Amino acid sequence: GDSVTQMEGPVTLSEEAFLTINCTYTATGYPSLFWYVQYPGEGLQLLLKATKADDKGSNKGFEATYRKETTSFHLEKGSVQVSDSAVYFCALTNAGNMLTFGGGTRLMVKP
Amino acid sequence: DTAVSQTPKYLVTQMGNDKSIKCEQNLGHDTMYWYKQDSKKFLKIMFSYNNKELIINETVPNRFSPKSPDKAHLNLHINSLELGDSAVYFCASSQGQGIKNEQFFGPGTRLTVL
């Protein structure tokens with residue numbers, strides 16, 4: 001079945017550091033790929049998405065590119081802020097629009 | 001206006017009890033979902049309903065029974081609660097079932113079984 005693997009956290013960075021959270025997937029066909037963010041005590045919010053190969057999703061300074069050749073969708077941000085501290089989930093949908101999530105990566109940004 | 005709402009936000013109960021969690025969306029979506037997030041933050045789909053009909057039922061004990069009285073509501077009833085049911089339960093909705101259709105999540109219900 002489909003699966004998503006992302007780097008384990010926590011990832012601890014200083015403010016203004018560069019962020020990369022790795023995500024790779026296994027799926028049949030042509031899934032859509034997503035990054036969701038969960039701030040402390042809150043539900044999940046869609047951060048960005050890409051629906052076909054080579055698409056780049058971007059939002060709030062975050063970017064991720066759908067790489068079919070490496071089955072990856074790594075999340076990047078050039079300069080993180082304390083307010084970016086949260087848990088980030090990589091996910092995919094395939095037939096039936098069922099979201100399959102990675103295990104989540106906690107990001108902690110220190111001032 | 002809250003797009004996807006859940007009640008209650010917190011639920012603490014004893015083993016063996018029966019409880020329900022309610023979900024409502026005001027987005028006009030036709031598809032709703034329940035997800036379970038365990039203590040390690042791992043998220044997994046439980047159920048999906050489209051136009052009040054069950055379309056996805058993952059490997060979930062039959063103590064869990066979803067009910068969709070209309071397209072805007074998807075409630076989750078749990079019988080004979082067990083310690084392992086403790087988790088955060090998220091409701092979500094989308095318009096259609098296509099893989100490009102974004103799912104909107106509710107704030108979650110934290111269930112604690114003692």
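Reckoned from all heavy atoms, side chains included, excluding hydrogens, waters and symmetry mates. Keep in mind the model is a prediction, meaning the values are calculated, not measured. In the text below, chain A, chain B and the rest are named by the order of the sequence lines, each starting its count at 1.
- Residues A:L44 and B:L43 have side chains in contact (heavy-atom distance under 4.5 Å, counting atoms from C-beta outward).
- In plain terms, the two heavy atoms of A:F101 and B:F42 that are nearest each other are O-CE1, 4.1 Å.
- Hydrophobic clustering (ILVMFWY, side-chain heavy atoms < 4.5 Å, transitive): A:L75 and A:F73 are in one cluster.
- Residues from residues 103-111 of chain A that place a non-hydrogen atom less than 4.5 Å from a non-hydrogen atom of chain B comprise A:G103, A:R106, given in numerical order.
- Hydrophobic clustering, with ILVMFWY side chains joined whenever heavy atoms are under 4.5 angstrom apart, groups B:F105 together with A:F89.
- There is no path of hydrophobic side-chain contacts, each under 4.5 Å, that joins A:Y36 to B:M46.
- Listed by sequence position, B:F90, B:S94 are the residues of residues 82-94 of chain B in contact with chain A, using a 4.5 angstrom heavy-atom cutoff.
- Clustering ILVMFWY residues whenever any of their side-chain heavy atoms sit less than 4.5 angstrom apart, transitively, puts A:L92 in a cluster other than the one holding A:F34.
- The number of heavy-atom neighbours closer than 6.0 Å to CD of A:E16, taken from other residues, nucleotides and ligands shown, is 12 or below.
- Around CD of A:E76, the count of heavy atoms belonging to other residues, nucleotides or ligands within 6.0 Å exceeds 12.
- Environment of OH in B:Y10: sparse, with no more than 12 heavy atoms of neighbouring residues, nucleotides or ligands closer than 6.0 Å.
- Note: B:E102 CD to A:T93 OG1 = 11.0 Å, rounded to the nearest 0.5 Å.
- If you chain together hydrophobic residues whose side chains sit under 4.5 Å apart, A:V37 and B:F104 never meet in one group.
- In the hydrophobic clustering (ILVMFWY side chains linked at under 4.5 Å, chained through shared members), B:L114 is joined by B:V12.
- Listed by sequence position, B:Y35, B:Q37, B:K40, B:K41 are the residues of residues 34-41 of chain B in contact with chain A, using a 4.5 angstrom heavy-atom cutoff.
- Only the side chain of A:Q38 has a heavy atom closer than 4.5 Å to any heavy atom of chain B.
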